[in-house]
Each structure stands twice: as C-alpha cells, then as structure tokens.
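The next block holds one structure in the form of structure tokens; read it before the comments.
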Amino acid sequence: MPTTLQPSQKRRLIPLVSDTESQPTAAMRIAIANAEVGDEQRGEDPTVNRLQDRVAELLGKEAALWFPGGTMCNFVAVKVHTRPADGVIADWMAHIIRAESAGVALSSGVLVEPIVTERGIFTPVDAQNALNRLATVSPPYGPPPRLICVEQTHNFAGGAVWSLDELTAIADFAKEKRLAVHMDGARLLNACVATGVSATSFASQVDSVWIDFTKGLGAPIGAVLAGTKGFIAEARRYKHVFAGAMRQAGIAAAGCLHALNHHVERLAEDHLNASRLAEGLTQIEGIDVMTPNPETNMVYFDPSGLGISQDVFLQDLEGLGVRMGKVRGAIRAVTHLDVTSSDIEATLNAVKAISAKREARRSPGSCAH
Ligand SMILES: *Cc1c(COP(=O)(O)O)cnc(C)c1O
C-alpha cells in the first residue's frame, strides 16, 4: 500500500477532546480511494446521490441533501423554515446559539429565544413560556414565532438524549401552534443506539433533520440534511448561496457510506467506554463528575477539588499522554472509535496519578514524594 495511506507515526495521545478527532480507518480510506465520482453541484455525483438516498431512507424522509458539514445544515435549514425577523426557540445551550458564531443570525436574521434547561431537553410548558416571552407585547412588537430547534443528542448538556416521548410532546405542541420543528441530529445515531429507538421514529416527529458523519461515525467530511422534497429543493438553492455546493464530493461521501455500513452499531462501545470513564472518575478524590451516568459518549467533570486550575489539569493530563478539552467551564471527554477500553483504563490511571500527586503535596506529614 502507498505510504500516503498510512496514518502518521507521531507520539499518540489518547484523543478524548472530541469525537471529531477520529481518523479515517484503513478500510474507509480504501472506500474513499475507490469512490465513483461526478459533479455534485449538478446533482451528478453517483456516490453522493447514493448517500442522499440512503439517508432519506434511514430517516424516513422524502429527500436528503449532502453538505460539507453540519453547521451549514443548521444555517440552511433555519433559512428555509423562516423569514428574516422571525422568532425561533431553542435550548439555551444549543449548538446553533453557542457554537456557530451567530450563523443563524447571519444566514436567516432570526431572533432566537433561549429556553433555560438542566439537560437540554424542554417540555411543551417550557416552549409555551418561550412563546409568551416572544409575545411579551403583541405583534408588531414581538416577532412571529416560526420554528422550534431541538438537538439530539445535546452536546453541551453532556450528550443527553431526547426520549421519543419527550420529542413527541414537543412535536404535538408545534403542530398545535403551527410551528416547524428542526432537529440538529449531529449525534442522532448515538441516541438511536443508546435507546433502541429507530432513526425513522425520531425523525418522523420533526420537519427537518440532519446527521453528521464526522462525529462518532468517524468520516472525515460530510453531513446530510433530510426533509420533504420541497424543503430539500429550497435547501439546495441556499446551499449554493452559502457556497456549499461541491464538485467530486463522492470522494468524501464514500467515507460516509462506509461509516453507515460499519460504524453505527459500534457506537454502543463508545457509550460503554464513557460509562466506564465516568464510573472510574467518580471514585477519584477531587473529581466532581457532572455526568455520573452518561447517556451517550460524553463525560463532563470538574477537577477543581484537586486544588489546581482546569488548564493545569489539562496540561498535566497531556504530559501523561491523554488529551481532553474544556467546554462550558468543565472538562469534557468524548469517546469515539479511536478510543479503546484500555485507553479508558490508561486515562483513569493518569487522572489517579494527578490526584495522588496533589494529595501528597497537600498533606505535609505524608512521606509521598
Ligand atoms: C458538531 C456539531 C455541529 C456542527 O457540525 P459540523 O459538522 O462540525 O459543522 C452542530 N451541532 C452539534 C450538536 C454538534 O455537535
């Protein structure tokens, strides 16, 4: 095999910063190398078209559309659902509010009314209260509400899952209020694997939904948005407006098809690894685990009880061969296909070593050094 297909040989750090860090597997690289390609912008890339059909079927929607990434799926979906100066409601820690650099403000000119929740999941009562806030003073003072956004799984709420019942309640509320529902389903398949509920069942409750291939699915590029034929036709127009139309994109879509065939069921391993990590961290002195029972593949915790800052903790950890990140004022560890169960044990040993070193410093009578 040519050396260009070999992964790099530099010192390996256990990659827990994000599930976006996973490297394409050797088998995925072969699928990518052998992709049949055409002009995606003209709708003529056979691999992209096959992927779109697969995702439409997986999500039980009429049509689906390839995108370079998930952020653009959100920009475009919100654009299609709304008109400038409409009202949108979403959880206060939603990715569209916190991590897209105000993209929906730029793409769609909407006002997003945040709903404060504990774990990213809101109820019809919460949604009604948000509508009431938007309509504090009657129109034309308050913006007309148009769209509800939900996130499955909820990233900044620790990978929390909307149950089918919770989602159905919001969908019914939206119908009654004549609002559309958009699902940021970056990790929808994690929710499916965690609950046993099918992607079609979750997706049937919403008007538009996309899945990301660069998170737990482990592909290097790509996300696919699904909805009605009319919705997708409009989405295609705005994808072009935002310069998201590509040429021989099948080279990337082949990695996504490979991921659908090989990397979905294995998400259960990531969830097990996250649970094991949370359980082990709970037993370490000075670590406060905010997600003691992770619902999917994320663990959030605070190491402040060790008497060191989060930055120093992260530096110490990296010195011991493990990388994690800082999100929402906490340390976040995300499991994925490049993190094995022995990596989890090694990570716990590294955190124990940091804890023991701090303990030794704090108890002057101890003979530890
Ligand atoms: C990663 C992520 C996105 C953005 O997807 P990209 O493919 O990185 O653009 C959107 N929403 C959520 C919840 C995410 O985790």
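For ligands, and for the atoms within them, numbers begin at 1 and follow the listed sequence. What you are looking at is a predicted structure, and each value in this text was computed from that prediction instead of being measured.
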| query | What about N155: any of its N or O atoms under 3.5 Å from an N or O on ligand 1? | reply | yes
| field | Mode of H154 contact toward ligand 1 - side chain, backbone, both, neither (heavy atoms, under 4.0 Å) | value | neither
| message | I'd like to know if R323 and E21 make a salt bridge, using a cut-off of under 4.0 Å between side-chain N and carboxylate O. | response | yes
| task | Write out the residue and atom name of the closest protein heavy atom to atom 10 (C) of ligand 1, then the distance separating them to 0.1 Å. | result | H95 ND1, 3.2 Å
| query | Can you list the ligand 1 atoms lying under 4.0 Å from a non-hydrogen atom of G69? | reply | 7 (O), 9 (O)
| request: Starting from atom 11 (N) of ligand 1, locate the nearest protein heavy atom and write down its residue, its atom name and how far away it is, to 0.1 Å. | output: D184 OD2, 2.6 Å
| Does ligand 1 have an atom under 4.0 Å from some heavy atom of K215? | yes
| message | Under 4.0 Å from a heavy atom of T71: which atoms of ligand 1 are those, numbered in the order shown and with their elements? | response | 4 (C), 5 (O), 6 (P), 9 (O)
| request: Around atom 13 (C) of ligand 1, find the nearest protein heavy atom and jot down its residue, atom name and distance. | output: E151 OE2, 3.2 Å
| field | Ionic contact status for D19 with K215, cut-off 4.0 Å | value | no
| task | Go through the side-chain N and O atoms of D302 and S304 and say whether any donor and acceptor fall under 3.5 Å apart. | result | yes
| request: Salt-bridge test for D343 and R12: reply yes if a basic N is under 4.0 Å from a carboxylate O, no otherwise. | output: yes
| query | What protein heavy atom is closest to atom 5 (O) of ligand 1, reported as residue, atom name and distance in Å? | reply | D212 OD2, 3.0 Å
| query | Just wondering, more than 12 heavy atoms not from Q283 lying within 6.0 Å of its CD? | reply | yes
| task | Would you mind telling me if ligand 1 is within reach of the side chain of F67, the backbone, both or neither, using heavy atoms under 4.0 Å? | result | neither
| field | Pairing of R358 and D316 as salt bridge, 4.0 angstrom limit | value | yes
| query | With a 4.0 Å cut-off on heavy atoms, does F75 reach ligand 1? | reply | no
| message | Between ligand 1 and M72, can you find any atom pair, the residue atom being a heavy atom, that is separated by under 4.0 Å? | response | no
| request: May I ask you to check whether H95 and N74 show a side-chain donor-acceptor distance below 3.5 Å? | output: no
| query | How about L179 and L147: do any of their side-chain heavy atoms sit closer than 4.5 Å? | reply | no
| task | Using a strict cut-off of less than 4.0 Å between a Lys/Arg side-chain nitrogen and an Asp/Glu carboxylate oxygen, indicate whether E345 and R276 qualify as a salt bridge. | result | yes
| query | Atoms of ligand 1 less than 4.0 Å from G70 heavy atoms? | reply | 5 (O), 6 (P), 7 (O), 9 (O)
| Just which atoms of ligand 1 are under 4.0 Å from any heavy atom in E100? | 10 (C)
